[in-house]
2 protein chains.
Amino acid sequence: MASVKANPAKMGRPRSFREDEALDAAMRVFWQKGYEGTSLDDLTGAMKINRSSLYSTFGDKEALFRRVMKQYSAGPLSFMSEALNLKTARAVVEALLRMSVKFLGDPGHPPGCLSIQGGLACGSGNEEVKQAMVDWRKAGLAQLQKRLQRARAEGDLRKGVDPKDLARLIMIVMNGLGIQAVNGATPAEMNRAVDLALQSLRL
Amino acid sequence: MASVKANPAKMGRPRSFREDEALDAAMRVFWQKGYEGTSLDDLTGAMKINRSSLYSTFGDKEALFRRVMKQYSAGPLSFMSEALNLKTARAVVEALLRMSVKFLGDPGHPPGCLSIQGGLACGSGNEEVKQAMVDWRKAGLAQLQKRLQRARAEGDLRKGVDPKDLARLIMIVMNGLGIQAVNGATPAEMNRAVDLALQSLRL
DNA sequence: ACACATCTGAACCGTACGGTTCAAAAGTAA
DNA sequence: TTACTTTTGAACCGTACGGTTCAGATGTGT
């Protein structure tokens with residue numbers, strides 16, 4: 001008979017690229033050029049994939065970008081969860097800032113942070129992407145606030161400081177560091193600013 | 001005879017728009033949408049000018065943007081020079097942060113700061129604009145460094161703090177505040193973070 | 001009323017964009 | 001070898017972009 005179809009799942013021509021590697025290449029392009037500044041040709045060129053492979057594997061440009069955001073959170077940005085798992089508020093804050101400097105200044109990838117580089121302002125038609133990035137950044141703040149509120153409950157934070165305010169200040173500094181990195185500040189320069197912040201902010 | 005031409009400078013149809021008002025409108029568009037996200041139609045629409053008026057008055061999109069940068073420095077960003085003229089380092093720093101919050105959260109104009117919103121990452125072909133913005137931001141940092149170095153020379157700064165590091169930290173916080181404003185943080189929220197920064201950074 | 005300089009509106013140009021489609025190639029399992 | 005499924009490359013589509021041009025409208029100074 002006609003219907004032989006043994007194992008449909010494994011039939012057909014296999015992919016010539018690895019999905020996560022392609023995503024990684026796309027991440028770098030978005031990181032460097034921003035969402036709006038990235039063209040499909042930029043993407044297919046970096047991912048070494050043609051348009052239809054991109055389309056069938058990831059969907060359109062926006063869907064790809066959202067996949068990249070996920071991958072970025074789980075990969076390059078994973079130091080944040082690591083830092084948040086440290087035992088004391090002081091350790092968390094110090095690790096966040098130090099690791100941010102190390103991360104932002106790493107010459108192995110584009111400067112700055114995708115959560116900012118990807119798109120801060122957007123033209124008409126990309127409002128949803130812009131909003132997604134706002135939500136993304138706010139989620140990071142919320143995580144830190146939660147961690148510091150726990151610290152407060154554990155008596156791990158001076159009475160004088162409100163955990164929500166402190167969390168916001170730390171995020172401000174982290175984001176500001178991202179701008180500095182784009183401006184070409186060296187890790188040493190950024191670390192000296194962080195020294196000052198940490199020695200002031202005696203927790 | 002033919003050559004009557006009395007005062008060539010004042011002849012011809014006068015402009016139906018004021019140059020600075022048009023610039024102001026363009027500023028808001030770039031501020032909101034970024035350089036790449038802004039189309040010529042966005043600009044002509046907001047400026048109530050047609051393309052040829054824009055072209056003949058300001059040159060192309062990039063030249064207009066550079067004019068806008070100048071206007072922005074002289075206008076919305078003038079609080080920086082005001083702050084830098086204050087007498088003590090402490091007053092300078094406090095004014096910079098407080099005025100930044102007030103400025104960034106002002107509902108009378110787009111959120112954030114043009115020096116960041118205008119373009120942090122750029123696609124191919126706009127590298128020069130991106131570089132101009134990097135230079136712009138670095139110039140702001142240099143101004144502040146200079147002022148704080150003067151403070152140090154005047155014995156107006158604790159021995160422990162390097163004026164260049166302090167300047168960078170202040171810029172980091174100012175830039176970070178700009179991101180917060182875009183994220184929708186209220187002036188009150190930003191001010192509480194600034195409270196914390198200022199009370200920590202006892203100068 | 002006149003001549004003149006300048007501005008204005010609208011059309012046009014070439015290019016690049018994001019998105020989509022489809023025949024042909026390619027590899028797998030029987 | 002054969003049947004079958006998926007990927008691949010390239011072409012195509014409509015749209016919007018930034019930039020440019022030009023004939024005609026408009027206000028000025030004489």
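Computation of the quantities below employed the complete heavy-atom set of this structure, encompassing side-chain atoms and omitting hydrogens, waters and symmetry-equivalent molecules. It should be emphasised that the depicted structure is a prediction, and the values quoted were computed from it without experimental measurement. Just so it is clear: chains get the letters A, B, ... in the order the sequence lines come, proteins before strands, and each one is counted from 1.
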Please state how far atom CG in B:Asp42 lies from atom C1' in D:dG19, giving the value in whole angstrom units.
16 Å
Quick one, which residues of residues 48-65 of chain A touch DNA chain D with a heavy atom under 4.0 Å?
A:Asn50, A:Ser52, A:Ser53
What residues form a ring-ring contact (aromatic ring centres under 6.0 Å, His included) with B:Tyr72, not counting sequence neighbours?
B:Trp31, B:Trp136
Gap between atoms CZ and P, on B:Arg15 and D:dT28 respectively (whole Å):
15 Å
With the side chain defined as heavy atoms from C-beta on, B:Leu40 is closest, among C:dC17, D:dG18, C:dG18, to D:dG18
Pair B:Lys33 + B:Asp42, salt bridge at N-O below 4.0 Å:
yes
Reference residue A:Asp135; test side-chain hydrogen bond (donor to acceptor under 3.5 Å, both in side chains); the match among A:Gln131, A:Arg137, A:Lys138
A:Gln131
Over how many whole Å does the gap from A:Asn126 atom CG to C:dC17 atom P extend?
14 Å
Euclidean distance, atom CG of residue B:Asp41 to atom P of D:dG19 [Å, nearest integer]
12 Å
Could you list the donor-acceptor pairs under 3.5 angstrom formed by side chains in residues 93-108 of chain B, with sequence neighbours left out?
from, atom 1, to, atom 2, distance (Å)
B:Glu94, OE1, B:Arg90, NE, 3.3
B:Glu94, OE1, B:Arg90, NH2, 3.4
B:Arg98, NH1, B:Asn191, O, 3.4
B:Arg98, NH1, B:Asn191, OD1, 2.8
B:Arg98, NH1, B:Asp195, OD1, 3.1
B:Arg98, NH2, B:Asp195, OD1, 2.5
B:Ser100, OG, B:Leu96, O, 2.7
B:Asp106, OD1, B:Gly108, N, 2.7

Taking B:Phe65 as the fixed residue, which of B:Lys61, B:Arg67, B:Met69 is the one that meets the side-chain contact (heavy atoms from CB on, under 4.5 Å) rule?
B:Met69
Tell me: CG of A:Leu43 to C1' of C:dC17, nearest whole Å?
12 Å
Starting the side chain at C-beta, find the nucleotide from C:dG18, D:dT7, C:dT8 nearest to A:Ser16.
D:dT7
Taking CD from B:Glu19 and P from C:dC7, how many angstroms apart are they, rounded to a whole number?
10 Å
What nucleotide among C:dC17, D:dT7, D:dT8 has an atom nearest to a side-chain atom of A:Ser39?
C:dC17
Check for me whether B:Lys130 meets the cation-pi criterion with B:Tyr35, that is, NZ or CZ under 6.0 Å from the six-membered ring centre and within 45 degrees of the ring axis.
no
